[in-house]
K.L.:
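Got a structure here, written out as structure tokens. Questions coming.
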Amino acid sequence: MSYEARSLAPVTDAPTNESYDVVIIGGAIIGSAVAWFLAEHYQFDGSILVVERDMTFTNCSTAHTNSCMRQQFSNPLNVKISQYAAEFVREFKALVGPDDPEVHDVAVEHFGYMYLAADQPFAETLRVNQALQAELGAGTRIYTPDEIKAEYPYYNVDDLICGSHNKVDEGYFDSGSMFDAWRRKARQAGVEYTRGEVVTMERSGDRISSVTLASGRVVACGAVVNAAGPRASTVAAMAGFDLPVEPRKRFTFMVDVAEPLEGSRLPLTIDPSGVHVRPEGTSYMTGCSPNPDPAVDPDDFTMDDDIFEEKIWPALAHRIPAFERLKVATRWAGHYAHNRLDHNVVVGPHPEVDNFVFANGFSGHGLQQSPAIGRGVAERIVFGQYRTLDLSPLGYQRILDAEAFVETAVI
Ligand SMILES: Cc1cc2nc3c(=O)[nH]c(=O)nc-3n(C[C@H](O)[C@H](O)[C@H](O)COP(=O)(O)OP(=O)(O)OC[C@H]3O[C@@H](n4cnc5c(N)ncnc54)[C@H](O)[C@@H]3O)c2cc1C
């Protein structure tokens, strides 16, 4: 079929059919990744419905992201998940829309992450992680303070022991374009997006048989995918499952500095204080986790400006003295879908209710994990097993067993 002949499936106000092979709850980056990978799968010709409560996507995590990818994880599976993101983004146009003039290459800026260690235990963690990442083909290197200073003279390195830095396939990528293209191409492949909120679901024995929308409309389903972001535990509870995923607020500040930094472009710096900062055009984007860090309502977007004055700015000015003179241009609050057990994604079918599929709890790395998760969920639905990357260590069974998936490089 030629590109011109494939029109977009409309976004509907109510589902067109009574029944779908797959119903995806949530249509942001994860829901749309699953929709696209499934719709384009060579062995899938079923029907797909994406139910989305806010088709403007204004308040979802995807709209509040910093949009970076890294290979500096401590768990080999997380490294491989992000390596697939780098590969997917590199080949994006060829994979998603080679003949489609509206699908463009995804822009990437490889400024890399720079993890800084000011104490021996963390320096040792960075060294151990670097060895693992290098073994898996990542470009991570350990830098001495002198090496850091030579390349990035604006840093204060006086209190540092080392840095861990990778300039290959690490940095910002344009996840917004990826999201738009996935949504459009999924609709072009026949996926129906409908406005609505799933409020309950019917479970018969070991199957979810239908979901019910706030409108009262009941939709039968062959499988259901939970891609509800910070609201994932509410959706899981509809099926009777306890999912330890909750919304946690994260604040982002865009700042302008009085004088440009001289030297190589600032890497995405993870300061020992926990403050992170990266370049964004001629400005800088910064933030850190609040302390305390309670669960919040998913509709709570109130800002905490004190965190900038009390924690972020002093840490920035200590690490990069030129940041003593800056002004905040804009700021926003967004939510991590925080997995209380281990900060990592829960993906795959429920062990007993096989047609309920989780894709939840991404914390601060869901954008870069979306290609591998979309592909994995599609494989699990089509083949009943993973065929490329085995994601089963990230399955729901570990929640039941209370056995954490260990990842020390959490931001
Ligand atoms: C400040 C910040 C910085 C980040 N930085 C990065 C980064 O640098 N790199 C990275 O990889 N990741 C980053 N992330 C994480 C990333 O943004 C998220 O992991 C990702 O966007 C999660 O996508 P999602 O589709 O699971 O959730 P969301 O984007 O929240 O989407 C969930 C969707 O489900 C819908 N929904 C919920 N319940 C229902 C229902 N019952 N019925 C119908 N629809 C429903 C919602 O309306 C929403 O649109 C960051 C996040 C934040 C907040």
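Just follow the structure's listing: the first ligand is 1, and inside any ligand the first atom is 1. Note that the structure is predicted; figures quoted are calculated from it, not measured. Values below: every heavy atom of this structure, side chains too, minus hydrogens, waters and symmetry copies.
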K.L.:
Does a donor on one side chain and an acceptor on the other come within less than 3.5 Å for Q72 and E170?
P.N.:
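The criterion, which ignores hydrogens and geometry beyond distance, is satisfied for E170 and Q72.
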
K.L.:
Which heavy atom of P393 sits nearest a heavy atom of F405, and at what distance?
P.N.:
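Minimum heavy-atom separation between P393 and F405: O-CD1, 3.8 Å.
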
K.L.:
Is the Lys NZ or Arg CZ of R375 less than 6.0 Å from the centre of Y84's six-membered ring, within 45° of the axis?
P.N.:
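Flagged: R375 positioned over aromatic ring of Y84.
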
K.L.:
Who are the residue neighbours of ligand 1 when the rule is a heavy atom under 4.0 Å from any of its atoms?
P.N.:
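Contacting ligand 1 under 4.0 Å are I25, G26, A28, I29, I30, V51, E52, R53, F57, C60, S61, T62, H64, T65, N66, S67, C68, G196, E197, V198, A227, A228, G229, P230, R231, V235, R250, T252, G334, H335, Y336, F362, S363, G364, H365, G366, L367, Q368.
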
K.L.:
Could you check whether D256 pairs with R325 (Lys NZ or Arg NE/NH1/NH2 to Asp/Glu carboxylate O, under 4.0 Å)?
P.N.:
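R325 and D256: not salt-bridged.
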
K.L.:
With sequence neighbours left out, write down each residue that passes salt bridge (Lys or Arg N to Asp or Glu O under 4.0 Å) with E403, or none if nothing qualifies.
P.N.:
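Listed in chain order: nothing, the list is empty.
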
K.L.:
For the residue pair F57 and F179, does the interplanar ring angle fall in the parallel (under 30°), tilted (30 to 60°) or perpendicular (over 60°) class?
P.N.:
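Rings of F57 and F179: perpendicular, as their planes differ by over 60°.
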
